[in-house]
*Asks:* 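Take this structure, written in structure tokens, and hold onto it; I'll ask about it next.
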Amino acid sequence: MSYRATPSAGFHLPRLAQASYDDRATFSAEFSKDIVPKIITANGIDAATLRKEVTPGGDLLKTNASLQTEGDLDDAAADRLAGSLGYVLRQYRVLTCSLNDTTGKAGFIVVRFPQGSLNATVAQRFFGAADATKKGLGGGYAVFGDEQIFLNATNSEGKPYSGLDDTSFQDGMSRAAVSFGNPKPKVSSFGNATARSIGNDWQRSTRGEGYQTLLGGPDSELEQDDFRPDRPKI
């Protein structure tokens, strides 16, 4: 799962626009350490069984601090947890995906960098280089360890947001990796994955109804769990 703590609907963070990536990563790490395990536990999942990281994440050619949660969950449990995370953090969407499910309909490609070299600056540089190689490759990415993951996500009609078919998407990323300078990346895997965007339009559904449906409604035991904190300020 990929999601963020900033920006967040309904919370006023007046200095967010001036915050550096490190500021945002520190802010996000507080939630990853103190709040995310409580949300996981409220879902009846042992938090120790899931891997949690704060890494660079990209959306529409911009890099932000991104929260990642990885583990072995079935679709229903994953969607419910994603809904809980999105609801508490007031996010418009949480992306869930499984790169191991080869029956999925979303193409993906993973670009691996030399150990310890993939930071926010490098990730953003490659993000821009990919989009310059072929328009449509600047939609988004996630990072796990030394790997930058690009997903050719689709809308509700199954059409890629990138405007590219999977072959063109993966070919463009491969060419970007070949032409990129230091640190030198290489394509480590590609194929098809399952991916779902769990979300809520906070402008239209101000109480988080899109997420509440997954949580069992506004009166459910999970929705009433008191793990929502007073948010720290940036």
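All residue numbers refer to positions in the sequence shown, counting from 1. Everything quoted here is computed from the prediction, not taken from an experiment.
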*Asks:* Please check this pair: side chain of Asn64 against backbone of Thr6, looking for a donor-acceptor N/O pair closer than 3.5 Å.
*Replies:*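 Looks like yes, one N/O pair under 3.5 Å.
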*Asks:* Is the side chain of Lys52 donor-acceptor paired with the backbone N or O of Ala47 at a distance under 3.5 Å, no angle test?
*Replies:*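 Judged by distance alone, yes, a pair lies under 3.5 Å.
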*Asks:* Give the minimum heavy-atom separation between Ala195 and Leu95, together with the two atoms involved.
*Replies:*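 Closest approach of Ala195 to Leu95: CB-CD1, 4.4 Å.
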*Asks:* Might you work through the side-chain contact (heavy atoms from CB on, under 4.5 Å) test for Asp146 and Gln115, ending with a clear yes or no?
*Replies:* CA-CA 6 Å; Asp146 299 307; Gln115 185 173 2; 3.8 Å; yes
*Asks:* Same cluster or not: Tyr87 versus Ile40, using hydrophobic residues (I, L, V, M, F, W, Y) connected whenever any side-chain heavy atoms lie under 4.5 Å apart?
*Replies:*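 In one cluster with Tyr87: Ile40, yes.
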*Asks:* Check step by step if side-chain contact (heavy atoms from CB on, under 4.5 Å) holds for Phe150 and Phe169.
*Replies:* CA-CA 9 Å; Phe150 295 87; Phe169 183 87; 4.0 Å; yes
*Asks:* Can you tell me if Asp46 and Thr49 form a side-chain donor-acceptor pair at under 3.5 Å?
*Replies:*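 Asp46 vs Thr49: no donor-acceptor pair found between side chains.
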*Asks:* Write down the atom of Gln203, the atom of Tyr92, and the distance for their closest heavy-atom approach.
*Replies:*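 So the two residues come closest at CG-OH, 3.5 Å.
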*Asks:* Show me the pairs that pass salt bridge (charged side-chain N to carboxylate O under 4.0 Å, His left out) and involve residues 123-142, at least two apart or across chains.
*Replies:*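 Those involving residues 123-142 are Asp131-Lys135.
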*Asks:* Under 3.5 Å, is there a donor on one side chain and an acceptor on the other for Asn100 and Ser98?
*Replies:* no
*Asks:* Side chain of Ser2, backbone of Gln68: donor and acceptor closer than 3.5 Å?
*Replies:*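 Between the backbone of Gln68 and the side chain of Ser2 there is no qualifying donor-acceptor contact (under 3.5 Å).
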*Asks:* Any side-chain to backbone donor/acceptor pair from Trp202 onto Gln91? Under 3.5 Å, distance only.
*Replies:* yes
*Asks:* Compare every heavy atom of Glu53 with every heavy atom of Phe144, then report the nearest pair and how far apart it is.
*Replies:* CD2-OE2, 3.5 Å
*Asks:* Just by modelled atom types, is the Thr194 backbone N or O under 3.5 Å from a matching donor or acceptor in the Asp101 side chain?
*Replies:*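 Answer holds: no.
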*Asks:* With rounding to the nearest 0.5 Å, note down the distance linking OH in Tyr161 to CG in Asn152.
*Replies:*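 It is 11.5 Å, given to the nearest 0.5 Å.
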*Asks:* Would Leu99 and Leu50 show up in the same hydrophobic cluster when neighbours are defined by side-chain heavy atoms closer than 4.5 Å?
*Replies:* no
*Asks:* For Val187 and Ala177, work out which heavy atoms get closest and say how close.
*Replies:* CG2-CB, 4.3 Å
*Asks:* So if you build clusters from Ile, Leu, Val, Met, Phe, Trp, Tyr with side-chain heavy-atom gaps below 4.5 Å, do Leu89 and Leu214 land together?
*Replies:*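 Leu89 clusters together with Leu214.
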*Asks:* Answer yes or no: is there a donor N or O on one side and an acceptor on the other, between the side chain of Gln170 and the main chain of Gly191, under 3.5 Å?
*Replies:*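 The answer is yes, because a donor-acceptor pair under 3.5 Å joins these two groups.
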*Asks:* With clusters defined by side-chain heavy atoms of hydrophobic residues (ILVMFWY) lying less than 4.5 Å apart, directly or transitively, does Leu118 cluster with Leu67?
*Replies:* no
*Asks:* For Phe127 versus Leu137, what's the shortest heavy-atom pair and its separation?
*Replies:*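 Looking at all heavy atoms of both residues, the closest pair is CE1-O, 3.8 Å.
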*Asks:* Does atom CZ (Arg51) have a neighbourhood of more than 12 heavy atoms from anything else shown, all under 6.0 Å?
*Replies:* yes
*Asks:* Do Tyr211 and Glu209 come close enough that some side-chain heavy atom pair is under 4.5 Å?
*Replies:* no
*Asks:* Would you check if there is a donor-acceptor pair between the side chains of Thr121 and Tyr21 at a distance under 3.5 Å?
*Replies:*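 No - no donor-acceptor pair under 3.5 Å links their side chains.
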*Asks:* Is it true that Asp75 and Arg196 have a side-chain N and a carboxylate O under 4.0 angstrom from each other?
*Replies:*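 Between Arg196 and Asp75 there is a salt bridge, with a charged N closer than 4.0 Å to a carboxylate O.
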*Asks:* To the nearest 0.5 Å, what is the distance between CD on Gln18 and CZ on Arg15?
*Replies:*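 Gln18 CD to Arg15 CZ: 9.0 Å, rounded to 0.5 Å.
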*Asks:* Quick check: do Lys105 and Asn192 have side-chain heavy atoms less than 4.5 Å from each other?
*Replies:* no
*Asks:* Does either side chain, that of Thr69 or that of Tyr3, offer a donor lying less than 3.5 Å from an acceptor on the other one?
*Replies:*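 Indeed, the side chains of Thr69 and Tyr3 share at least one donor-acceptor pair under 3.5 Å.
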*Asks:* Distance check, rounded to the nearest 0.5 Å: Lys184 atom NZ versus Phe113 atom CZ?
*Replies:* 9.5 Å
*Asks:* Any chance you could measure Ile35, atom CD1, to Glu30, atom CD, to the nearest 0.5 Å?
*Replies:* 9.5 Å
*Asks:* Closer than 3.5 angstrom, by distance alone: can the side chain of Asn200 be matched with the main-chain N or O of Ser205 as a donor-acceptor pair?
*Replies:* yes
*Asks:* With sequence neighbours left out, which residue pairs that include part of residues 170-200 fulfil the ring pair (Phe, Tyr, Trp, His ring centres under 6.0 Å) condition?
*Replies:* Phe126-Phe180
*Asks:* Under 3.5 Å, is there a donor-acceptor pair between the side chain of Thr133 and the main chain of Ala129?
*Replies:* yes
*Asks:* Under 6.0 Å from the CG atom of Asp72, do we count more than 12 heavy atoms belonging to anything else shown?
*Replies:*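 No, because the 6.0 Å sphere around CG of Asp72 holds 12 heavy atoms or fewer from other groups.
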*Asks:* Dump the intermediate steps for side-chain contact (heavy atoms from CB on, under 4.5 Å) on Asp79 and Thr96, then the final yes or no.
*Replies:* CA-CA 7 Å; Asp79 290 355; Thr96 68; 3.8 Å; yes
*Asks:* For Leu215 versus Ser84, what's the shortest heavy-atom pair and its separation?
*Replies:* CD2-OG, 3.2 Å
*Asks:* Can you tell me how far the OH atom of Tyr141 sits from the CE atom of Met173, to the nearest 0.5 Å?
*Replies:* 11.0 Å
*Asks:* Could you tell me if the side chain of Met1 sits less than 4.5 Å from the side chain of Leu73, heavy atoms only?
*Replies:* yes
*Asks:* Judged by modelled atom types alone, do Asp171 and Ser168 share a side-chain donor-acceptor pair under 3.5 Å?
*Replies:*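 Note: Asp171 and Ser168 side chains miss the donor-acceptor criterion.
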*Asks:* So, Ser188 and Glu147: side-chain donor and acceptor under 3.5 Å apart, yes or no?
*Replies:* yes
*Asks:* Please round to the nearest 0.5 Å and tell me the distance separating atom OG of Ser117 and atom CG of Asn182.
*Replies:*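 Separation between the atoms: 9.5 Å.
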*Asks:* Taking a hydrophobic cluster as the set of Ile, Leu, Val, Met, Phe, Trp and Tyr residues connected by side-chain heavy atoms closer than 4.5 Å, whether directly or through intermediates, do Leu85 and Val88 fall within one such cluster?
*Replies:*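 Cluster IDs for Leu85 and Val88 match.
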*Asks:* Would you confirm whether Arg24, through its side chain, and Ala65, through its main-chain N or O, come within 3.5 Å as a donor-acceptor pair?
*Replies:* no
*Asks:* Applying salt bridge (Lys or Arg N to Asp or Glu O under 4.0 Å) to Arg93 and Asp59, what does each step give before you reach the verdict?
*Replies:* CA-CA 12 Å; Arg93 61 176 178 162; Asp59 182 54; 2.8 Å; yes
